[in-house]
Amino acid sequence: MDLKSLRRRSTLPKLADLPRTLLVSRFAISKAGFISMKLLKILAASLVALPLIATLTLVLSNPWADRIPGFAEARVLERIPLNATSLGVGSGEVSSQPANMPKNTLLDGLLAPGFDEGSCLSRYQSSSYRKASSRRPSSYLLSRLRSYEDLHKRCGPHTKSYNSTVEQLKSGHGASSTECKYVVWIAFSGLGNRILTLSSAFLYALLTNRVLLVDPGKDMADLFCEPFPEKSWLLPIDFPLKDQLNTFDQETPHSFGNMLKNNLLDTSKESLPSYLYLHLAHDYDDHDKLFFCDQDQTFLSRVPLLIMKTDNYFVPSLFLIPSFEHELSTLFPQKETVFHHLGRYLFHPSNHVWGLITRYYQAYLSKADERIGIQIRVFEEGTPQHVMDQISACTLKEKLLPEVDLERSIVASSGKQNLKAVLMTSLTSGYSENLRNMYWEHPTVTGEVVGVFQPSHEEFQQTEKHLHNRKAWAEMYLLSLTDVLVTSAWSTFGYVAQGLGGLKPWILYKPENQTAPDPACRQVMSMEPCFHAPPFYDCKAKTGVDTGALVPHVRHCEDMSWGLKLVDSPDEL
């Protein structure tokens, strides 16, 4: 900022804006008669000069690099913001940040430098809103991500290789060898499922040296920033099969499982189909599930274009494919960090969503000594009392929230009172209202102050509604910024929050017969999401098997006995 600009900004304050100690009434002046006009001029000149001197002091005290446009926003910040308000970040507006919190902008090298900060504020500002992760990505993962970015740049949309693949697809003839291979992900199911399955598809692309292209459907625009430098991950609108993708199912002629079932696919022949559709949704059959067998992966590795639709986080079963085992162990020495690292690498809220997140965080959460997230997902109407009882039983027994004193109207406390901010997310408002009333009407036995906040209550899930998805994404992210988390069984919404935040939540067991379970909850063994519909098949023996008992790092989930999840320390289970 030059001196001329500073002078323009350093205008004389209005009288009403001056501190009361600087105001002198006309009555006092006329009565005393000793304050001269000269003294008033000196006072006015001082008021003009003070802002200029202060501004120059701040500018000159900072390193030169911090005054380069685009860097000032990324300074070291603290948890409690200097300014508790935040401007929206859509349409070129700027988001304010917490101040003086330890900064790790590129997340230990997980993120590549060189992006335009203004186009995606969350990429560079998110590290200022959460504690640094104790789980660092492996150097091999960082190397493979940089290699993938080069591959995406070389083979992404409208490159020579992409155009060649499209022409081959249009011709309808068998595929010939191409420089680059692709996996196309089809948007399917709710937003939590989409985030988890998209990370699964990306890991598969990383393992098989394919380029990931995303068909976002009609309701995912302006939710996420582009994760890869220079080339988009979005499937071009002129892709030959784009209008058909939402109709793909198990009976699609190019379905891998369907072709195997009807003996239409000879995996021993050199000729290849131009593309294959992989149906990996919850209703897939035994032939579709052969995707998780090594010999079928050998064949699929030759097909230039794979199109995938799934509502499952299928990563745990990738760890059971022998040909991927070594690569996965090198990428993720800590098995339970797969979604934690890939989620933070891929999913950066768009500027519009980032505005929702930062405004809410700074207004309600930033000044708290501790933030507790409670995510409620039930499949019953209204606000069932047994669910409220379960929430209370879990949070009080695990000492996540303090008990209230029903006998006294006030509890004396010595010194500063701790503030706990509870962020609740639910389709209904009843749970947060009940909890808020409890802590309003009664003091806590510890003397702590508890505030309860809920950003929205949409009443019912509105999949494929754009505004609903914006709010859902903002709430998942806000939950990931909490210090302690309570989530609901079977909920991918909660899985996303725990993975992004690197949290091991207390998970509320699914109620049966409208009765609160006892115990009400338990802390999960890893922050990884659960694969809800895994295959139970031994590819070598060609027989059924418990896939949750084959290797120490793949176990059954806490909230779904037949599901699979990755863990780090099986000896502690």
Side-chain angles (χ1 to χ4, degrees), residues 191-192 356-404 406 418-444 446 448-462 467-498 501 503 505-511 514 516 520-521:
L191 185 60
L356 298 177
I357 294 166
T358 55
R359 285 192 295 274
Y360 200 89
Y361 181 92
Q362 293 178 14
Y364 302 107
L365 306 177
S366 63
K367 294 183 179 180
D369 297 288
E370 186 179 20
R371 287 163 285 274
I372 298 95
I374 302 178
Q375 179 262 333
I376 306 301
R377 181 71 169 103
V378 296
F379 301 93
E380 305 172 54
E381 293 184 1
T383 311
Q385 183 58 44
H386 66 272
V387 177
M388 193 66 226
D389 294 340
Q390 183 181 7
I391 296 168
S392 298
C394 175
T395 55
L396 295 179
K397 180 181 178 182
E398 301 298 338
K399 301 189 184 307
L400 308 180
L401 290 176
E403 295 185 22
V404 295
L406 301 177
N418 272 7
L419 171 61
K420 288 195 173 189
V422 180
L423 174 71
M424 293 196 75
T425 65
S426 173
L427 291 174
T428 61
S429 60
Y431 305 111
S432 62
E433 289 173 359
N434 287 342
L435 199 63
R436 186 184 301 116
N437 287 340
M438 182 176 77
Y439 285 110
W440 180 35
E441 295 168 2
H442 307 284
T444 62
T446 59
E448 293 173 298
V449 177
V450 178
V452 181
F453 310 100
Q454 180 172 344
S456 72
H457 45 90
E458 299 284 281
E459 301 306 327
F460 58 92
Q461 185 169 337
Q462 302 172 53
L467 182 58
H468 177 84
N469 279 339
R470 279 182 175 178
K471 291 178 180 179
W473 177 214
E475 290 185 7
M476 286 183 218
Y477 207 93
L478 282 166
L479 285 170
S480 79
L481 300 179
T482 58
D483 303 303
V484 178
L485 188 59
V486 178
T487 60
S488 296
W490 300 18
S491 175
T492 56
F493 197 106
Y495 296 160
V496 171
Q498 71 191 47
L503 301 168
W506 276 262
I507 196 160
L508 297 166
Y509 289 113
K510 195 171 184 296
Q514 298 187 328
C521 64

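When reading the values below, keep in mind they use all heavy atoms of this one structure, side chains included, and skip hydrogens, waters and symmetry mates. We number each residue from 1, following the sequence as shown.
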Practice item. Apply side-chain contact (heavy atoms from CB on, under 4.5 Å) to the pair V450 and L435, showing each step before the final yes or no. Key: CA-CA 10 Å; V450 178; L435 199 63; over 6 Å; no
Exercise for review: Could you please spell out the steps behind the side chain to side chain donor-acceptor pair (under 3.5 Å) verdict for Q385 and D389?
Suggested key: CA-CA 6 Å; Q385 183 58 44; D389 294 340; 2.8 Å; yes
Review point. Where do V404 and L406 land on the side-chain contact (heavy atoms from CB on, under 4.5 Å) test, with the steps shown first?
Key: CA-CA 6 Å; V404 295; L406 301 177; 3.8 Å; yes
Point to revise | Chi angles and distances behind the side chain to side chain donor-acceptor pair (under 3.5 Å) call for Q375, S491 | key: CA-CA 9 Å; Q375 179 262 333; S491 175; 2.8 Å; yes
Exercise for review: Evaluate the side-chain contact (heavy atoms from CB on, under 4.5 Å) criterion for residues W506 and T395: first the C-alpha distance (whole Å), next the side-chain angles of each, then the deciding distance (0.1 Å), finally the verdict.
Suggested key: CA-CA 9 Å; W506 276 262; T395 55; over 6 Å; no
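The side-chain heavy atoms of L423 and Y360, taken from C-beta on, include a pair separated by under 4.5 Å. Contact annotation: the side chain of R359 approaches that of L356 to within less than 4.5 Å [non-hydrogen atoms, C-beta and beyond]. Using a 4.5 Å cut-off on side-chain heavy atoms (C-beta onward), Q498 and T487 make contact. Contact of the F493 side chain with the R377 side chain is not registered, since no non-hydrogen atoms from C-beta on lie closer than 4.5 Å. With contacts defined as side-chain heavy-atom distances shorter than 4.5 Å, the pair C521/E398 qualifies. In this structure, the side chains of M476 and L191 come closer than 4.5 Å at one or more pairs of heavy atoms. The shortest distance between side-chain heavy atoms of K420 and I372 falls below 4.5 Å.
Taking both residues in full, the closest heavy atoms of F453 and R436 are given as CA-NH2, 4.3 Å, listed atom of the first, atom of the second, then distance. Pairing each heavy atom of L508 with each of C394, the nearest pair is CD2-CB, 3.8 Å. Heavy-atom minimum distance, V422 versus I374: CG1-CD1, 3.7 Å. Heavy atoms only, all atoms of each residue included: P455 and M424 are closest at CD-O, 3.5 Å. Considering every non-hydrogen atom in both G373 and L479, the closest pair reads CA-CD2, 3.8 Å. When all heavy atoms of A497 and S480 are compared, the pair lying nearest together is O-CB, 3.3 Å.
Atoms OG1 and OH, from T482 and Y361 in turn, are 10.0 Å apart once rounded to the nearest 0.5 Å. For the atom pair OG of S392 and NZ of K397, the computed distance is 14.0 Å after rounding to the nearest 0.5 Å. Atom NZ in K471 sits 9.0 Å away from atom NE2 in H457 (nearest 0.5 Å). Interatomic distance, I357 CD1 to L365 CG, rounded to the nearest 0.5 Å: 11.5 Å. Note that OG of S488 is 4.5 Å distant from CD1 of I376, once rounded to the nearest 0.5 Å. Within the model, atoms CD of E370 and CG of D483 stand 5.5 Å from one another, a figure rounded to the nearest 0.5 Å.
Put simply, the side chain of Q454 gets close to the backbone of T428: a donor and an acceptor are under 3.5 Å apart. For the pair Q390 (side chain) and A520 (backbone), a donor-acceptor distance under 3.5 Å is present.
E475 and S456 are linked by a side-chain donor-acceptor pair at a separation below 3.5 angstrom, with hydrogens and angles left out of the test. Side chain to side chain, S429 and E433 meet the donor-acceptor criterion of an N or O pair below 3.5 Å.
Environment of OH in Y364: sparse, with no more than 12 heavy atoms of neighbouring residues, nucleotides or ligands closer than 6.0 Å.
Using the six-membered ring where Trp is involved, W473 and Y477 have ring planes that are perpendicular, over 60° apart on the 30 and 60° scheme.
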